[in-house]
Every structure is written in C-alpha cells, then in structure tokens.
Enquirer: 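Below are the structure tokens for one structure; questions will follow.
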Amino acid sequence: MNAIETIGLTRRFGPLTAVDDLTLTIKQGSIFGFLGPNGAGKTTTVRMLAALIAPSQGSARVAGYALGGDSQQIRRSVGILTETPSLYERLSAWDNLILFGQLYDLSSKLAAERATHYLKLMALWDRCHEPVGAFSKGMRQRVALARALLHEPQILFLDEPTSGLDPEAAFNVRGLIQDLRAAGHTIFLTTHNLKEAEDLCDLIAIFRARLIALDTPSNLRARFGERGTLIQLRDPAATWSAIASGLPFVQRVQVDDYCLTITSSDPDQHNPALVSALAAAGAPIQYVTPLLKTLEQVYLELINV
Amino acid sequence: MNFRKVWLLVRKEWFELRGERTLLVTIVIFPLIFTLLPIGLMIGSTNWTTSNNSNSQLTLILQASNPLLRDLSVLELGQIIVGQQFALMFLILPTMLPAVIAAYSIVGEKTRRTLEPLLATPTTTTELLLGKCIAALMPALVCNGMFGIVFIMGIRATALSPMVHETILSSAWAILWLLAAPLIALTSVALTVWMSSRVNDPRTAQQLASVFILPLFVLMLGQMVGVVVLSPGLALMFVIGAAVIAGITLLIAVRFFQRETILTRWR
C-alpha cells in the first residue's frame with residue numbers, strides 16, 4: 001500500500017514556482033528522504049502533503065485520502081515536526097502535549113497516557129511540568145517530536161529531527177525513527193544531514209523545485225557516481241601505474257604514494273582482470289578496496305548541475 | 001463544531017496571556033482610569049465655580065434635548081456632562097481592548113512560529129476563530145463589567161441628585177453597555193482575526209477593525225449634541241443591528257479566513 005502518491009504536484013506563489021510537477025510514490029512503512037538546498041520547496045511540499053496549503057496544480061493521495069478532498073482526515077493521519085520546535089513556551093511539556101493530544105481528538109485519558117509514554121521515551125519525564133521556555137534546544141526538539149507522535153499518525157513528516165540534539169539524543173531519535181518504520185509508520189524525512197539520510201532512508205529524492213533524482217541510496221551512489229577501486233601496494237605505486245593504464249577498461253589512474261586509485265565504468269566486472277594483471281606483473285598488492293561515492297558527493301554533483 | 005476544542009484553545013490563549021504583563025496592565029489601566037476619574041470629578045464638582053458655566057453651550061443643549069433637566073442647577077448639569085462623557089467610554093473600551101488581544105494572539109503565534117503545528121491539527125477554522133475570539137473578548141468584557149459596576153456605584157453615590165445619575169445611567173445606556181458593546185466588540189475581534197490572515201501587518205488589521213467603534217461614537221455624540229434622543233427603543237434597535245452585523249462578520253471571518261496565507265505570507 002502506498003502512503004503518499006503525488007501526480008504533477010505544483011505550487012506557485014505569484015510568479016515563483018516553489019514546487020514544479022512533483023510525481024512520486026512512497027510506500028507504507030518506509031523512510032523517505034527528501035533532500036534539497038534551502039529554498040528548494042521542501043517545506044512547501046510538506047505543507048501541501050499535510051493539508052496546510054493547497055496545490056496550484058496536480059493531485060495527491062495522503063494516507064489514502066485525496067488532497068483537497070478531506071483535509072481533516074489527512075491532518076488526523078499525519079504528524080508534523082516543523083523546522084523549529086514551535087512549542088508554547090509558557091506551557092509545560094506536559095501541558096503542550098495534553099493540549100495537542102486533545103486537539104488531535106484523543107480523550108483526556110488517552111492523551112495523558114500517550115504523553116506519559118512519549119515523555120518517558122524522550123527522557124523528559126522528570127522535567128515534564130517545567131515550562132518549555134526553560135528547556136535546551138535539544139529538549140524542545142524532543143518535546144516537539146513527542147507532540148508529532150502523540151496521536152500515533154500513519155505518516156510522520158520530520159523536518160531535521162536530529163537538529164540541535166547531542167550525539168546520544170540524535171542516536172536515540174534515529175533509533176526511534178527505525179522503530180517507527182518497523183511498526184508500520186511511514187516517515188517523510190527532510191534533512192540536510194546526508195549521512196543520516198543515507199543510513200536511514202529506503203528511498204531518497206533529491207529536489208530543487210523539481211525532482212532531480214529518486215532512488216534508493218545505494219542506487220543513487222551507483223547511478224550518479226564514478227566508481228573506483230583503491231589498490232594499496234607494498235612498493236611505491238608509480239612503478240605499477242603503467243600496467244593499470246594499459247588495460248582497455250581503465251578510465252583513469254591516480255597515483256598517491258603507495259596507493260593506486262583506478263576508475264572504470266564497471267568495477268564489479270573489471271576488477272578481477274585488473275587485479276590479475278597487476279599480480280601477474282609482480283605488483284605487491286596488500287589491499288583492494290572499493291571506492292563508492294558518498295551520498296553527499298552525489299547530492300552535491302546533482303544539485304550543482 | 002467541537003466546543004471542547006474551542007475551550008481548549010481559549011484556556012491556552014489565557015495561559016499565554018498571563019505572562020504578558022504589559023498587555024494585562026493595558027486591559028486594566030484604561031477602565032480603571034475611566035472609572036476613578038469621573039468619580040473623582042463628581043466628588044470635586046461641589047467645589048466648582050458656576051459663574052463661567054451658567055450659559056455654556058452644552059448645558060443649553062442638554063436642557064433643550066431633555067425638558068426634565070430644565071430645573072437642574074448648573075452643577076448638576078455639569079455632573080451630567082462629565083458622567084455622560086465617561087459613560088461613553090464603557091461602550092468603547094470593550095470594543096478596543098479585545099482587538100488588541102486578538103491582534104496580539106495572532107501575531108504572537110506567528111512570531112513564536114506556533115501557528116503551523118496548530119493549523120496542522122484537525123481543528124476547524126470555526127473552532128480556531130471562535131477560540132481566539134472568546135479568549136480575546138472575555139477578559140475585556142469581564143474587566144469592563146466589573147469596572148462598569150464600580151462606575152455605576154460611584155456615580156450613584158456622588159450624584160448631586162437622583163436626576164443626575166438617572167440621566168447618566170439611563171436605561172438606553174445600560175442596554176448599549178450590556179448588549180451593544182459586547183456585540184460590537186465581537187465584530188471587532190472577528191474582523192481583527194480575519195484581517196490578520198489577509199494583511200501583512202496585524203496592526204493594520206487592528207486599525208481596520210477599529211472602524212466598528214464609529215457607529216457607537218456617532219450615536220453617543222449625537223445624543224450629547226442633541227441630534228439624537230437616545231431612547232431605550234432606539235438602543236434596542238441599535239443592539240439588533242449590532243447583532244446582525246456581528247453574525248455576518250463571524251460568518252465572513254470563518255468563510256474567508258485564509259489559513260494558508262497566514263503561514264506563507266507573513267514574514
């Protein structure tokens with residue numbers, strides 16, 4: 001089942017097209033990474049999908065409900081963590097959660113039970129009756145995350161969920177996101193932390209007003225990156241570079257002290273022949289390591305096209 | 001409509017307001033001044049010199065508009081002029097103060113960026129607007145009511161004759177104070193909240209909404225200069241008109257409140 005389906009989703013603000021012809025499908029129970037520079041239209045996309053603003057053109061189904069048809073049902077089915085925690089700072093963490101729990105149609109009893117559960121999960125239980133204004137940025141972020149989870153929505157829109165968190169808290173939040181996926185929730189993750197996206201996401205979209213690329217993290221790295229092989233030798237590498245350069249499938253050879261970095265179009269296919277040729281010529285090979293581009297490198301190349 | 005949600009929003013607004021001391025002082029200080037000042041002036045009126053006031057234009061107008069006042073002394077007429085001017089304030093204040101709170105509640109949400117999570121909940125525009133309107137109206141109306149009672153007691157205690165306080169605190173004034181002012185206040189608040197979603201600066205919304213005070217001004221000014229004789233019947237007609245306008249404004253506010261403009265346009 002698909003959690004989100006969009007067809008040609010477009011949003012214009014006067015002459016500016018913030019989101020142009022976005023078509024994508026996100027499966028239920030997956031983590032979807034939505035990557036793009038500031039001002040790319042990511043927030044506008046999330047706002048459209050959360051039924052906060054209407055699209056100028058195109059259509060979408062969110063949690064099975066048509067966008068523009070039943071906004072209230074969509075709002076009940078999604079949770080949203082905005083870029084800033086956006087909490088009522090004079091209210092305590094407890095009061096913030098109870099307020100939003102009830103606004104999401106939970107009974108007082110259920111709101112209290114869920115608030116207790118999530119405040120404990122976020123390690124905020126001991127300070128839950130203090131005003132949120134006195135909390136650190138990381139603590140506020142955790143309260144905001146608890147608020148987004150409170151009504152246990154089918155789809156969660158998370159905008160930079162680990163921003164401002166210390167490494168331990170960020171680790172815990174990443175663990176929580178994976179647990180939520182395991183429990184069948186769909187996570188729409190907007191982040192600038194590309195390592196986080198690479199580690200967490202099942203599917204990644206690179207976006208700047210238009211969809212630039214959409215694939216799994218490994219496919220993105222494979223599709224858009226030159227792929228290389230690092231060969232570490234016991235002798236200076238320059239002695240053996242001519243052997244590698246002479247092979248027909250080798251595109252480039254880079255020499256760096258005791259290492260050869262060799263680029264070819266298909267290392268999976270070519271590396272056995274490469275290693276055999278070097279070994280046959282007597283090259284003292286110590287290690288052979290595949291070199292894949294990181295998602296960050298792919299992202300930067302695609303965004304700067 | 002879910003009244004539980006409306007009440008939740010009202011309580012939230014009040015909790016937030018509790019920390020805004022300047023705003024709270026503003027809500028209390030004006031009714032306080034407009035209550036104590038006329039009582040002080042009424043008490044001090046026994047020491048007024050009458051020589052310069054005996055032929056004043058206002059006393060002549062007063063006597064012309066109400067034959068029953070012809071037998072009153074200049075001091076009594078002076079008290080009526082002072083009392084009526086300040087009584088007018090109790091019709092205007094509940095209209096002005098909630099607009100300040102309403103504009104603040106919207107701008108406060110925007111500057112603290114709390115509006116987006118609120119709009120993301122399955123709360124309808126009607127519930128949201130009603131919550132904000134009631135939260136803005138109630139403190140000002142309660143305050144105006146309490147100080148209004150003190151004003152009434154003070155005027156009754158300090159009036160030189162029963163005719164003085166009966167003229168100041170006429171049944172027409174009471175009808176306008178109890179019924180018309182809250183209705184116009186509701187109109188003003190609904191308009192402020194609605195306009196806040198359509199203009200870039202919420203202060204503009206507040207100023208635009210405050211034009212609704214004008215009919216009250218005109219009515220009371222008309223009475224003071226003798227153009228309008230404010231009878232209970234006329235006051236009731238005014239109340240009916242105010243109720244119709246309040247209802248229409250609320251409907252318009254709910255129909256045309258732009259949830260998304262408030263998210264995307266304000267910077």
Side-chain angles (χ1 to χ4, degrees), chain A residues 11-14 16 18 43-44 46-56 70-92 95-108 111 131-133 143-144 147-148 150-151 153 156-157 159, chain B residues 1-24 104-132 135 197-198 200 254 256-267:
Chain A
R11 174 66 203 214
R12 294 185 201 91
F13 294 104
L16 174 78
T43 303
T44 301
V46 169
R47 283 175 173 172
M48 280 194 284
L49 296 176
L52 284 167
I53 62 174
S56 309
D70 199 341
S71 299
Q72 294 296 75
Q73 282 300 342
I74 290 176
R75 288 182 195 133
R76 273 189 197 97
S77 308
V78 306
I80 187 163
L81 173 73
T82 48
E83 196 178 352
T84 51
S86 310
L87 298 157
Y88 293 110
E89 298 202 344
R90 291 201 178 99
L91 267 62
S92 66
D95 288 335
N96 264 287
L97 294 193
I98 294 297
L99 170 71
F100 275 89
Q102 295 185 340
L103 288 177
Y104 274 107
D105 297 323
L106 302 183
S107 66
S108 305
V132 168
V143 177
R147 180 183 61 191
L150 208 61
H151 59 297
L156 260 172
F157 292 99
D159 195 349
Chain B
M1 187 166 49
N2 186 336
F3 285 101
R4 178 172 165 247
K5 282 190 189 178
V6 175
W7 180 237
L8 275 170
L9 291 169
V10 170
R11 279 177 52 201
K12 188 272 293 174
E13 291 289 330
W14 285 348
F15 203 95
E16 289 277 292
L17 268 179
R18 261 186 5 189
E20 294 301 325
R21 298 227 170 120
T22 317
L23 199 67
L24 291 178
Y104 173 82
S105 84
I106 292 281
V107 77
E109 294 263 15
K110 187 63 193 174
T111 53
R112 290 190 301 267
R113 298 184 173 199
T114 50
L115 206 55
E116 188 162 2
L118 187 62
L119 293 176
T121 64
T123 305
T124 64
T125 303
T126 312
E127 288 156 0
L128 186 68
L129 286 186
L130 211 58
K132 287 212 172 282
S197 74
R198 302 181 73 89
N200 286 331
V254 171
F256 296 105
F257 181 76
Q258 294 185 339
R259 289 172 82 110
E260 69 172 62
T261 308
I262 219 160
L263 282 179
T264 57
R265 197 160 150 192
W266 278 17
R267 290 287 181 270

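Order of the sequence lines fixes the chain letters, A, B, ..., with proteins taken first and strands second; residue numbering starts at 1 for each chain. Computed from heavy atoms alone, side chains included, the values below leave out hydrogens, waters and symmetry copies. Nothing here was measured: the structure is a model prediction, and the numbers come from that model.
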Enquirer: Below 4.5 Å from any heavy atom of chain A, which atoms of Leu115(B) appear? Answer side chain, backbone, both or neither.
Expert: neither
Enquirer: Just so I know, are the side chains of Thr82(A) and Arg113(B) near enough to count as touching, which here means a heavy-atom distance under 4.5 Å?
Expert: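 Counting from C-beta outward, Thr82(A) and Arg113(B) never come under 4.5 Å.
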Enquirer: Would a 4.5 Å heavy-atom cut-off, applied to side chains only, mark Leu9(B) and Leu103(A) as touching?
Expert: yes
Enquirer: In terms of heavy-atom proximity below 4.5 Å to chain B, should Ala144(A) be classed as side chain, backbone, both, or neither?
Expert: neither
Enquirer: Need one label for Ser108(A): side chain, backbone, both or neither, based on atoms under 4.5 Å from any heavy atom in chain B.
Expert: both
Enquirer: Between Arg75(A) and Thr121(B), what is the shortest heavy-atom contact and its length?
Expert: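 That would be CD-O, 3.3 Å.
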Enquirer: Looking only at non-hydrogen atoms, find the nearest pair between Arg4(B) and Leu106(A) and report the distance.
Expert: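 So the minimum-distance heavy-atom pair works out to NH2-O, 2.9 Å.
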Enquirer: Does anything in residues 122-132 of chain B reach chain A? List residues with heavy atoms under 4.5 Å apart, or say none.
Expert: Pro122(B), Thr123(B), Thr124(B)
Enquirer: May I ask you to name which of Gln73(A), Arg147(A), Gln102(A) has the most heavy-atom pairs under 4.5 Å with chain B?
Expert: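 Most heavy-atom pairs within the cutoff with chain B belong to Gln102(A).
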Enquirer: Is it true that Asp95(A) and Lys12(B) have a side-chain N and a carboxylate O under 4.0 angstrom from each other?
Expert: no
Enquirer: Excluding sequence neighbours, so at least two apart, what forms ring-ring contact (aromatic ring centres under 6.0 Å, His included) with Tyr88(A)?
Expert: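 In terms of ring-ring contact (aromatic ring centres under 6.0 Å, His included), with neighbours along the sequence ignored, Tyr88(A) is linked to no residue.
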Enquirer: Give, for atom CG of Asp105(A) and atom CG of Asn2(B), the distance between the pair rounded to the nearest 0.5 Å.
Expert: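 Going from CG on Asp105(A) over to CG on Asn2(B), the span is 6.5 Å.
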Enquirer: Could you check which of Val78(A), Leu91(A), Ile80(A), Thr43(A) has the highest count of heavy-atom pairs closer than 4.5 Å to chain B?
Expert: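 Heavy-atom pairs under 4.5 Å are most numerous for Leu91(A).
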Enquirer: Taking Glu83(A), Arg76(A), Glu89(A) one by one, which has the highest count of heavy-atom pairs under 4.5 Å against chain B?
Expert: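 The option with the most such pairs is Arg76(A).
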Enquirer: With a 4.5 angstrom heavy-atom cut-off, which part of Arg11(B) approaches chain A: side chain, backbone, both or neither?
Expert: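 Contact with chain A involves no heavy atom of Arg11(B) at all.
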Enquirer: Any side-chain heavy atom of Leu87(A) sitting closer than 4.5 Å to one from Thr114(B)?
Expert: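 Heavy-atom side-chain distance check fails, nothing below 4.5 Å.
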